[in-house]
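For reference, the structure is listed below as structure tokens.
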Amino acid sequence: MNPTKAHKLPLDPVVMVRFKKAFELINTHLYSAEERIRAQARAFDPAMEGYVSYVCGSAGKRLRPALALLAGGATGKISASHVDLAVIVELIHIATLVHDDIMDGADLRRDQATPNAKWGNAISVLLGDALFAHALRLSTNFSNIEVCRRIADATAEVCTGETIQTQRRFDLKLSAADYYRIVEMKTAALFAVASELGAFLSETTPEKIGALKQFGLKLGTAYQVYDDCVDLVGDEAEIGKTLGSDLRKGKLTLPLIFLLQSARRAGDHEELSTLLLDGDESGHEKITAMLAGRGALKQTADAAYKLVKEAIAALEPLDRNRFTDGLRGVAEYLEALIRRVSAVV
């Protein structure tokens with residue numbers, strides 16, 4: 001099977017229904033958060049307003065805001081503070097995307113031109129910085145300073161993870177453990193803080209707060225593993241963003257790490273290393289074929305699948321209600337997406 005065809009496979013309709021129900025539970029609050037995210041441009045100087053409006057106006061999956069709201073509902077009643085949190089974590093996420101697209105040289109995101117493609121790198125760097133600063137400024141409105149501190153800590157982790165990943169581009173000695181450490185910082189930290197603070201704002205028990213933090217950490221890590229697979233074998237027209245940047249920029253993601261480990265003969269390892277370091281487009285096609293043929297893609301999907309199961313298990317200390325079921329529904333949806341990736345073998 002051609003790997004790009006895997007993403008055309010239909011998802012389990014039962015899983016889709018559960019995923020939609022999860023978002024229906026928080027629809028009113030998510031709509032409020034969406035409106036406020038779009039309105040943030042007005043808080044900036046007129047010289048910045050158009051740029052901010054552009055990046056905040058294209059609605060993404062809003063997974064992080066959804067986790068903040070579902071975690072709040074799972075442990076209490078969703079309040080205005082939860083909506084505030086949802087807005088802040090999404091603004092931080094948008095800022096990371098602006099910077100990611102600069103570093104990756106990506107031209108397309110959410111079916112529209114990236115800021116760097118539209119205005120160049122200089123404006124885009126400053127735009128990302130402004131969004132980070134604005135999100136942190138909004139976080140100071142919480143009465144409990146610990147909320148602001150945790151948001152700041154998570155933002156610092158995201159930036160540190162991206163820095164480490166950039167430092168270790170084209171590093172063929174990067175291990176799976178190294179990769180997980182990077183991913184937990186650059187991606188999962190924001191999932192974790194959204195889930196954790198969603199529970200914290202509900203003033204629930206430390207055990208439940210810790211459980212939701214763990215849920216977010218595992219789910220966020222699994223999501224990045226899945227996304228790294230998509231970057232290698234996805235369909236750009238379906239995904240709506242520039243793909244293949246990991247190979248072009250020398251990012252050794254988990255599928256590539258497993259592929260290197262599968263090359264046990266010296267000659268095979270040398271050939272693969274050359275393909276990874278050269279950055280030639282024809283070499284990328286060979287690597288994509290190897291991922292399925294040597295089982296590296298399935299091995300990666302299995303690793304992501306295990307992380308999703310661990311995320312679901314982390315919810316055990318929580319009371320069973322519609323919102324905890326919603327969190328499970330989100331996890332099961334990601335599991336279904338991962339299964340589509342594994343279907344390429």
Side-chain angles (χ1 to χ4, degrees), residues 11-12 15-16 18-23 25-26 30 60-75 82 85-86 89-90 92-93 96-97 150-151 153-155 157-158 161 176 179-200 202 204 207-231 253-254 300-318 320-342:
L11 289 170
D12 183 338
V15 172
M16 286 298 297
R18 286 173 60 81
F19 181 67
K20 288 178 181 177
K21 281 185 176 179
F23 275 75
L25 285 171
I26 55 171
L30 199 56
K61 292 178 283 294
R62 304 305 197 215
L63 277 176
R64 295 151 193 82
L67 291 181
L69 296 169
L70 287 169
T75 52
H82 290 100
L85 174 63
V89 294
E90 187 64 8
I92 295 169
H93 175 54
T96 66
L97 295 183
R150 283 293 302 116
I151 291 170
D153 286 345
T155 305
E157 281 190 66
V158 169
Y179 167 85
Y180 281 125
R181 176 173 177 254
I182 290 168
V183 166
E184 285 181 1
M185 298 177 80
K186 83 180 190 97
T187 301
L190 207 49
F191 278 73
V193 81
S195 303
E196 175 192 10
L197 291 182
F200 183 86
S202 292
T204 189
E207 182 188 17
K208 291 178 181 178
I209 294 170
L212 277 161
K213 179 180 180 180
Q214 190 67 11
F215 171 81
L217 189 70
K218 295 293 185 181
L219 190 75
T221 304
Y223 179 81
Q224 186 60 61
V225 174
Y226 161 74
D227 198 54
D228 288 342
C229 291
V230 170
D231 189 75
T253 55
L254 195 60
T300 306
D302 287 345
Y305 174 75
K306 181 174 181 290
L307 285 163
V308 173
K309 289 302 184 186
E310 290 173 355
I312 293 172
L315 297 175
E316 284 303 315
L318 274 63
R320 191 71 183 261
N321 57 41
R322 295 177 302 157
F323 295 95
T324 52
D325 285 345
L327 289 167
R328 287 184 180 88
V330 172
E332 288 167 0
Y333 178 72
L334 177 56
E335 181 184 335
L337 293 176
I338 295 163
R339 287 189 186 279
R340 283 208 300 181
V341 169
S342 66

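What you see is a predicted model, and the numbers here were worked out from it, not measured in a lab.
Minimum interatomic distance between Phe215 and Leu327 (heavy atoms only, all atoms of both residues): CZ-O, 3.6 Å. When all heavy atoms are compared, the tightest approach of Ile338 to Ala304 is CD1-CB, 3.6 Å. For the pair Arg18 and Gly329, the tightest heavy-atom approach, listed with the atom from each and the gap, is NH2-N, 4.2 Å. Scanning all heavy atoms of the two residues, the minimum distance from Thr253 to Tyr179 falls at CA-CE1, 3.7 Å. Of all heavy-atom pairs between Phe323 and Ala74, the closest is CB-N, 3.3 Å. The minimum heavy-atom distance linking Pro65 with Val89 is given by the pair N-CG2, 4.0 Å.
For the atom pair CG of Leu212 and OG1 of Thr204, the computed distance is 8.5 Å after rounding to the nearest 0.5 Å. A distance of 11.5 Å separates OG1 of Thr75 from CZ of Phe200, quoted to the nearest 0.5 Å. With rounding to the nearest 0.5 angstrom, the NE2 atom of His93 is 8.0 Å from the CZ atom of Arg62. The distance from the CD atom of Glu184 to the CD atom of Gln224 is 12.0 Å, given to the nearest 0.5 Å. Once rounded to the nearest 0.5 Å, the distance linking CZ of Arg322 with CG of Leu70 reads 10.5 Å. Between Tyr226 atom OH and Leu254 atom CG the span is 15.5 Å, to the nearest 0.5 Å.
Between the side chain of Thr187 and the backbone N or O of Thr221, no donor-acceptor pair lies under 3.5 Å. Although no hydrogens or angles enter the test, the distance criterion places no donor-acceptor pair under 3.5 Å between the side chain of His82 and the main chain of Leu69.
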_Test side chain to side chain contact (heavy atoms under 4.5 Å, CB included) applied to Leu337 and Val230, step by step_ = CA-CA 10 Å; Leu337 293 176; Val230 170; over 6 Å; no
_Let's go through Lys309 and Lys218 carefully: what are the C-alpha distance in whole Å and the side-chain angles of both, what is the deciding distance for side chain to side chain contact (heavy atoms under 4.5 Å, CB included) to 0.1 Å, and is it a yes or a no?_
CA-CA 9 Å; Lys309 289 302 184 186; Lys218 295 293 185 181; over 6 Å; no
*Please lay out, stage by stage, how Asp228 and Thr300 fare under the test side chain to side chain contact (heavy atoms under 4.5 Å, CB included).*
CA-CA 10 Å; Asp228 288 342; Thr300 306; over 6 Å; no
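The aromatic rings of Phe191 and Tyr223 lie tilted to each other, with the angle between the two planes from 30° to 60°.
Using a 4.5 Å cut-off on side-chain heavy atoms (C-beta onward), Ile92 and Thr155 make contact. Looking at Ile312 and Glu332, their side chains come closer than 4.5 Å, going by heavy atoms from C-beta outward.
Between Arg328 and Asp325, at least one side-chain nitrogen of the basic residue sits less than 4.0 Å from a carboxylate oxygen of the acidic one, meeting the salt-bridge criterion.
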